[in-house]
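Presented below is the structure to which this report refers.
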There are 2 protein chains.
Amino acid sequence: MPYHSGMTTSAAERDLRGAAVRVTKQRVAVLDAVRRHPHADADTIIADVRGELGRVSTQAVYDVLHALDEMGLVRRVAPAGSPARYDPRVGDNHHHLVCRRCGRMVDVDCATGAAPCLEPVAAQGFSVTEAEVIFWGYCPDCQSKGPAPAG
Amino acid sequence: MPYHSGMTTSAAERDLRGAAVRVTKQRVAVLDAVRRHPHADADTIIADVRGELGRVSTQAVYDVLHALDEMGLVRRVAPAGSPARYDPRVGDNHHHLVCRRCGRMVDVDCATGAAPCLEPVAAQGFSVTEAEVIFWGYCPDCQSKGPAPAG
DNA sequence: GCATAAAATGGAATTGTTCCAGTTAACGAA
DNA sequence: TTCGTTAACTGGAACAATTCCATTTTATGC
């Protein structure tokens, strides 16, 4: 029996059908979770999905996150030294601001326009397909608290 | 007995003394290794250092790499989904071009001038200290070979 | 030289993620 | 509506990169 969420077709469900892939309860739940928690890491998503569905394998969540990333419904962001985060905002060219102390991540639109920095002066023969920009700093809450995460 | 490399004082040795830290053979060897292999990962550095010194603990190399990063003698670069790389070029504001297929990394000067993209339009109360820019694409060698790293 | 704190050692542990073989279930066709 | 195919999910084990810990070594200031 094809999966259907219940009363009404959810946005997540429609987006998955639009991508022409199998619509499973795990996929719907993961996509919903990413949208509920923008920039969450895999652990948070796994916990949220388990809260919704009960037992779900870790592997399934990772598989779905990869699949969603590949089909362009979420964007995987991996700041240096921290686990990957998943961003539901896709299709535009925005970047991220990450707090060095607490890891909080927020979106920023690019200063330079729609396709910022996408043209390095000398590409040295590389064909460039994407520019990834991460701004590092301290969030408002952490500016007063000093640099150490366990301080 | 204070460490001294031998005949003459090497550049690495001088740079370490300039940073006012203890100069050990491990530190000299690691700094030299990073300079010999720009953008190498920890494994490569470890192998190189062992080639120079014989037995050296993994931990020592990681410790030294962190220390060098903190004292500003090398720069740690961690492209999404790959082990950290160590860049001997510091003090200027350059970015990186990474091949999605083979992982090759090269330096690029910024298109926008000296401090590119360093001013996001809305910083949302964050104090921004650094902008990290990675351009993703395919290097000359890999452009013909298709996208899979194991193809 | 001597003391002392910093650095290195070696081994085990953690974290985030992936691999694998077997089972389940979504979807298209009949 | 049922059936077959194949993608997706499960559970458990494996993995790679990195870090933690207690102990030993060693560079440096006096």
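Since this is a predicted model, take the numbers as computed values, not measurements. Chain letters run A, B, ... following the sequence lines, proteins first, then strands; residues in each count from 1. Values below: all heavy atoms of this structure, side chains included; hydrogens, waters and symmetry mates excluded.
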Pairs under 3.5 angstrom, nitrogen or oxygen only, protein versus nucleotides 12-16 of chain D, please.
none

Are [X] and [Y] close enough for a salt bridge, meaning some N to O gap below 4.0 Å?
X: Arg100(A); Y: Glu130(B); value: yes
X: Arg27(B); Y: Asp15(B); value: no
X: Asp69(B); Y: Arg75(B); value: no

Short side-chain to backbone donor-acceptor contact, [X] and [Y], under 3.5 Å:
X: His39(A); Y: Met105(A); value: yes
X: Arg76(A); Y: Ala84(A); value: no
X: Gln124(B); Y: Cys139(A); value: no

*Under 3.5 Å, is there a donor-acceptor pair between the His96(B) and Asp87(B) side chains?*
yes
*Check the side chains of Arg50(B) and Thr58(B) for a donor-acceptor pair under 3.5 angstrom, ignoring hydrogens and angles.*
yes
*Close residues, residues 33-44 of chain B, relative to DNA chain D [heavy-atom separation under 4.0 Å]*: Ala42(B), Asp43(B)
For [N] and [X] - does any side-chain N or O of the residue sit under 4.0 Å from the phosphate oxygens OP1/OP2?
X: Gln26(B); N: dT9(C); value: yes
X: Tyr62(B); N: dT18(D); value: yes
X: His66(B); N: dT19(D); value: yes

*Among dT9(C), dT18(D), dC9(D), which nucleotide sits nearest the side chain of Ala60(B)?*
dT9(C)
*What closest approach, in Å, do Ala78(A) and Glu132(A) show between heavy atoms, and which atom pair accounts for it?*
O-OE2, 4.5 Å
_Closest non-hydrogen atom pair between Ala29(B) and Leu53(B), with its separation_ = CB-CD1, 3.7 Å
Whole angstrom value for the distance that separates [atom2] of [N] from [atom1] of [X]:
X: Asp69(B); N: dT19(D); atom1: CG; atom2: C1'; answer: 16 Å
X: Leu53(A); N: dA8(D); atom1: CG; atom2: C1'; answer: 14 Å
X: Lys25(A); N: dA25(C); atom1: NZ; atom2: P; answer: 6 Å
X: Arg27(B); N: dT26(D); atom1: CZ; atom2: P; answer: 15 Å
X: Asp63(A); N: dT18(C); atom1: CG; atom2: P; answer: 9 Å

*Remember a base hit wins even if backbone is also touched, and classify Arg85(A) as base, sugar-phosphate or nothing at under 4.0 Å, heavy atoms.*
nothing
*Determine the contact category for Ala67(B): base if any of its heavy atoms lies under 4.0 Å from a base atom, sugar-phosphate if only primed atoms, P, OP1 or OP2 are that close, otherwise nothing.*
nothing
*Starting from the first five and the last five pairs of the helix from dG1(C)-dC30(D) to dA30(C)-dT1(D), work out the angle between the resulting helix axes, to 10 degrees.*
40°
*Between Arg17(B) and Thr24(A), which has a closest nucleotide on DNA chain D that is more 5'?*
Thr24(A)
_Quiz question: going by heavy-atom distance under 3.5 Å, is there a donor-acceptor pair between the base of dA5(C) and the side chain of Arg22(B)?_
yes
*Would a 4.5 Å heavy-atom cut-off, applied to side chains only, mark Cys102(B) and Tyr138(B) as touching?*
no
